[in-house]
Each structure stands twice: as C-alpha cells, then as structure tokens.
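Because the structure is predicted, anything quoted here is derived from the model rather than measured.
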Amino acid sequence: MEAETLGTSLPVPCVQELAKESLTTVPTRYLRDPPIISDIAAASSPQIPVIDLQRLISEEFMDLELDKLDHACKEWGFFQLINHGVNDSLVNKVKVEIPEFFDLPMEEKRKYWQTAGEMEGFGQAFVVSEEQKLDWGDIFYVVTLPTHERKPHLFPKLPQPLSYHANCDFDVVIIPITKPGLSRGSSLSCQRPAIK
C-alpha cells in the first residue's frame, strides 16, 4: 500500500541556530501583526480544552464529549487528551527525551532534516512560500502509524530511546509539547521554541 502524502514544506533555516547568532532584531519573516484578542479571551484566563478518551468511547457520555471535542477542534485547534491508556511513565520519559533530541548538535539534527517536498522531519511544517510568516521554533514531525506510512530514511536514524518509542505500536501517541502536531493516524510531533 502506498503512503499518502501529508503535503509538502519548503526548507527553512533552523530557528535554534538563528537564535544563537548576535541578531539585533528578529528577522521580519518571523514577525507577525499583533493578534486580535477577543473580549472573551481578554476577560478570562482560558483553559486548554481537555478531552477524556474514556468518556468519548462511553455510550453514556459520548455525545457530551463529542461536543467538547468539536468545540476544541474548531475554536482552539488542539486539546489535551486524558485517560488515553498510554502509561504515565512512558509519557514522562518521552517528555524528558524530547528536549534532549532538540539539544543535539546541529550536525546530528541534519540527519533528520526535512527533504525537499516532504513534511516529515526536523524543520517547520506547511511552509509553502518564501514570503510566508514562520514560527519562531523548530519542529520534528514523523508519522508512526500506520507502519506502512513511516519514512524509512527517518526511522533508522532516530536516536535511542526515541526510536524505541516511535516504533511502539500505539494507537495514539500524544506528546504534550508546546504546539500540537497533525492528527492523522498516529504521529510524533514536537516543537521547541528557540529561546535565546
């Protein structure tokens, strides 16, 4: 079975490397217009939506949880998933290993860099033009399930223990980092903001 494409992304500079330079200003490609804050958001401190997977599959609570999921996806674009069945110690271990991955030397991270026309790898996702505004952070995105959609050039190169976790056949892999990844099958997506 041929893997479906998630789209493409143009290669961009590594933000962590840009942050190490003696920049006096942030490059304009990373500057955005001030966000428009709604009165509701300004009036209260909004909480990230929380979706309970056990309630989502329960006949008694499914409709209520589906409404919450619908709202989270439409209004927020992401959510926190609880009661998902992934062992807490595994989640915590991966949360420790992700920053270690982003702290690898640039030469090592280049092994995982996005190739032209690919979405997966280290870099930024959904970059479609040279004028597009970019996030001030790098991501690493790789599809883990279904296994036939894995990119062979990325998986064997993943450092231990990340390659072990990415190779586990979880139905869901949720890594709570700073930005959600794409939700398609099962994926490992993480972002680390470039902080100087």
Side-chain angles (χ1 to χ4, degrees), residues 1-9 32 35-99 101 114 118-121 123-128 132-151 154-155 162 164-193:
M1 179 179 282
E2 188 176 319
E4 295 178 37
T5 181
L6 299 173
T8 64
S9 192
R32 298 176 188 258
I36 299 170
I37 300 173
S38 70
D39 293 338
I40 296 170
S44 64
S45 177
Q47 297 295 309
I48 293 173
V50 176
I51 304 300
D52 186 326
L53 186 59
Q54 293 305 309
R55 290 175 62 105
L56 195 58
I57 61 175
S58 155
E59 281 190 40
E60 183 180 353
F61 299 107
M62 182 185 295
D63 290 339
L64 178 62
E65 210 64 19
L66 277 172
D67 288 343
K68 286 174 57 180
L69 178 61
D70 180 66
H71 175 79
C73 291
K74 287 179 179 174
E75 300 299 321
W76 285 77
F78 61 94
F79 53 87
Q80 177 184 0
L81 185 67
I82 61 170
N83 294 325
H84 43 66
V86 178
N87 184 300
D88 286 345
S89 65
L90 174 61
V91 172
N92 291 329
K93 190 172 183 179
V94 172
K95 285 168 67 174
V96 167
E97 293 162 3
I98 295 297
F101 177 75
Q114 290 169 323
E118 291 287 333
M119 184 73 66
E120 293 179 72
Q124 289 200 23
F126 303 109
V127 180
V128 295
Q132 180 178 337
K133 295 294 184 181
L134 301 174
D135 291 330
W136 189 250
D138 299 310
I139 68 164
F140 178 71
Y141 175 74
V142 62
V143 170
T144 60
L145 290 176
T147 55
H148 70 271
E149 289 194 20
R150 292 180 181 174
K151 299 290 187 221
L154 288 175
F155 263 78
L162 274 184
Y164 169 76
H165 300 313
N167 277 301
C168 291
D169 288 335
F170 295 121
D171 289 331
V172 179
V173 176
I174 304 295
I175 312 290
I177 309 295
T178 53
K179 184 176 180 181
L182 305 171
S183 74
R184 215 184 134 272
S186 208
S187 62
L188 172 62
S189 178
C190 37
Q191 176 177 7
R192 182 170 187 188

Worksheet item: Considering residues at least two apart in sequence or located in another chain, which fulfil the side chain to side chain contact (heavy atoms under 4.5 Å, CB included) criterion with Asn87?
Response: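 Result, side chain to side chain contact (heavy atoms under 4.5 Å, CB included) vs Asn87: Ser89, Leu90.
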Interatomic spacing from [atom1] in [X] to [atom2] in [Y] - rounded to 0.5 Å:
X: Asn92; Y: Glu97; atom1: CG; atom2: CD; result: 11.0 Å
X: Ile82; Y: His84; atom1: CD1; atom2: NE2; result: 8.5 Å
X: Gln124; Y: Trp136; atom1: CD; atom2: CH2; result: 10.0 Å
X: His71; Y: Trp76; atom1: NE2; atom2: CH2; result: 8.0 Å

Please report, to 0.1 Å, the donor-acceptor pairs under 3.5 Å made by any side chain of residues 50-58, with sequence neighbours excluded.
{"from": "Asp52", "atom 1": "OD1", "to": "Gln54", "atom 2": "N", "distance (Å)": "2.9"}
{"from": "Asp52", "atom 1": "OD1", "to": "Arg55", "atom 2": "N", "distance (Å)": "3.3"}
{"from": "Asp52", "atom 1": "OD1", "to": "Asn83", "atom 2": "ND2", "distance (Å)": "3.2"}
{"from": "Asp52", "atom 1": "OD2", "to": "Asn83", "atom 2": "ND2", "distance (Å)": "2.8"}
{"from": "Gln54", "atom 1": "NE2", "to": "Asn83", "atom 2": "O", "distance (Å)": "3.2"}
{"from": "Arg55", "atom 1": "NE", "to": "Glu65", "atom 2": "OE1", "distance (Å)": "3.2"}
{"from": "Ser58", "atom 1": "OG", "to": "Glu60", "atom 2": "N", "distance (Å)": "3.2"}
{"from": "Ser58", "atom 1": "OG", "to": "Phe61", "atom 2": "N", "distance (Å)": "3.4"}

Item to complete: Output yes when a side-chain donor or acceptor of Ser9 lies under 3.5 Å from a complementary backbone atom of Met119, and no otherwise.
Response: no
Worksheet item: Is it true that a side-chain atom of Gln114 and a backbone atom of Tyr141 form a donor plus acceptor pair closer than 3.5 Å?
Response: no
Practice prompt. Would you name the heavy atoms of Ala72 and Phe79 that are closest together and state the gap between them?
Written response: CB-CB, 3.9 Å
Item to complete: Would you please name every residue forming a salt bridge (Lys or Arg N to Asp or Glu O under 4.0 Å) with Asp70, sequence neighbours left out?
Response: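 Checked Asp70 against salt bridge (Lys or Arg N to Asp or Glu O under 4.0 Å); matches are Lys74.
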Worksheet entry | Charged N-O contact under 4.0 Å between Asp135 and Arg32 |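 Answer for the salt bridge query: yes.
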